[in-house]
Amino acid sequence: VLASLQLFILQSLLLALSAILLGIALGSYHLFAVGAITVATKTFMIPWLLRYTVSAEVYRTREIERVLNIPSSLLLAAVLIVLAYVIANPLLSAVEVPFARINLPLGIAAMFLGAFTIAVRREAVPQLLGLLAVENGVFFAGIAIVPNLPVIAELAAAVDVPVITLVIGLLTRRIHKRLGTTSVGRLAALREH
C-alpha cells in the first residue's frame with residue numbers, strides 16, 4: 001500500500017511538471033499556478049491526510065489482494081492503453097493545441113488505468129489511489145485540451161479531492177478498526193443486526 005502511495009506521489013509530481021512545462025511552452029501563467037496547486041495538494045496534502053487518517057498497520061501490508069493475476073492485469077492494462085489511443089485519435093482532429101497529440105491519449109489512458117485499478121483492487125486505500133489516478137488522468141487530458149483553464153477550476157478540485165481523501169481515509173480507519181482489514185470485497189457480506 002505504501003508503494004502505491006509513493007507511485008501516486010510520483011505521478012502527481014510528473015503531472016505538475018507537465019503543467020509547468022506546458023506553461024513555459026505556451027506562455028500560460030494559469031498552468032504555473034495549476035502546477036503549484038497540484039504539488040501542494042497531491043504530493044503533500046493528500047499523502048499526509050492518508051498517513052494521518054489510515055492506521056499505520058495498513059501500510060505494513062506487503063500484498064494487496066487483487067481480482068486478477070499479474071499477467072492478466074498487465075495484458076488488460078495494455079489493451080486499455082491501446083483503446084485510449086484509438087478513442088483519442090478522432091478527438092485530436094477537433095483540438096488545435098500543439099501538445100494535445102501527446103497529452104490527450106495519455107490522459108485518457110491514465111483515466112482508464114485508474115478505473116482499472118479501482119476494479120481489480122480489493123483494499124480501500126488502493127481503490128482510493130485508483131480514483132485519484134483517474135482524477136490525474138482527467139487533469140492531464142484537460143490541460144491538453146484547454147491549457148488556459150482558469151485557476152479557479154483547479155482550486156475547486158484542490159478542495160474536493162483532499163476532502164474525498166479525508167472522508168475515505170476516515171472510513172478506512174473505521175473499517176480497519178472494526179474488521180481488522182480494509183478489504184472492500186468483504187463489506188458486501190455485512191448485515192445490520
Side-chain angles (χ1 to χ4, degrees), residues 1-24 30-66 70 73-74 77 80-81 84 99 102-144 149 151 153-173 175-176 182-184:
V1 174
L2 187 58
S4 297
L5 181 60
Q6 290 168 343
L7 278 173
F8 169 74
I9 292 169
L10 177 64
Q11 181 191 36
S12 298
L13 279 172
L14 292 173
L15 182 68
L17 180 64
S18 72
I20 291 169
L21 290 175
L22 274 173
I24 292 169
H30 293 286
L31 290 173
F32 291 122
V34 165
I37 292 169
T38 300
V39 168
T41 57
K42 294 181 181 176
T43 62
F44 293 113
M45 184 184 293
I46 288 174
W48 178 81
L49 280 172
L50 280 175
R51 287 189 181 122
Y52 179 75
T53 57
V54 178
S55 72
E57 189 175 321
V58 171
Y59 294 108
R60 286 190 286 260
T61 304
R62 294 210 30 104
E63 294 296 323
I64 297 175
E65 288 184 49
R66 12 179 211 281
I70 292 173
S73 294
L74 289 173
L80 288 173
I81 291 169
F99 298 100
I102 299 168
N103 287 20
L104 186 60
L106 289 176
I108 293 172
M111 290 172 10
F112 285 170
L113 291 176
F116 180 66
T117 301
I118 294 168
V120 299
R121 299 295 186 193
R122 293 183 188 237
E123 264 79 33
V125 174
Q127 284 187 343
L128 171 63
L129 293 173
L131 179 67
L132 294 173
V134 169
E135 199 273 332
N136 278 353
V138 169
F139 175 79
F140 195 69
I143 62 172
L149 183 71
V151 176
E154 179 58 24
L155 283 174
V159 171
D160 289 347
V161 173
V163 168
I164 291 168
T165 303
L166 177 65
V167 169
I168 293 177
L170 290 172
L171 285 172
T172 302
R173 172 186 266 186
I175 291 167
H176 187 266
T182 61
S183 180
V184 179

Taking all non-hydrogen atoms of both residues, which atom of [X] and which atom of [Y] are closest, and how far apart?
| X | Y | answer |
| --- | --- | --- |
| Ala110 | Gly137 | CB-CA, 3.6 Å |
| Pro47 | Thr41 | CD-O, 4.3 Å |
| Lys42 | Phe8 | O-CE2, 3.4 Å |
| Thr43 | Ile9 | CG2-O, 3.7 Å |
| Phe140 | Gly107 | CD2-N, 3.6 Å |
| Leu129 | Leu5 | CD1-N, 3.5 Å |

Nearest-0.5 Å distance, [atom1] of residue [X] to [atom2] of residue [Y]:
| X | Y | atom1 | atom2 | result |
| --- | --- | --- | --- | --- |
| Leu22 | Leu31 | CG | CG | 6.0 Å |
| Leu80 | Leu113 | CG | CG | 6.0 Å |
| Ser18 | Phe139 | OG | CZ | 6.5 Å |
| Ile118 | Leu132 | CD1 | CG | 8.5 Å |
| Leu15 | Ile20 | CG | CD1 | 10.0 Å |

**Report entry** Listed partners of Thr117 passing side chain to side chain contact (heavy atoms under 4.5 Å, CB included), at least two apart
**Finding:** Arg121
Requested in this report: Could you check if a side-chain atom of Leu49 sits within less than 4.5 angstrom of a side-chain atom of Met45, using non-hydrogen atoms only?
Outcome: yes
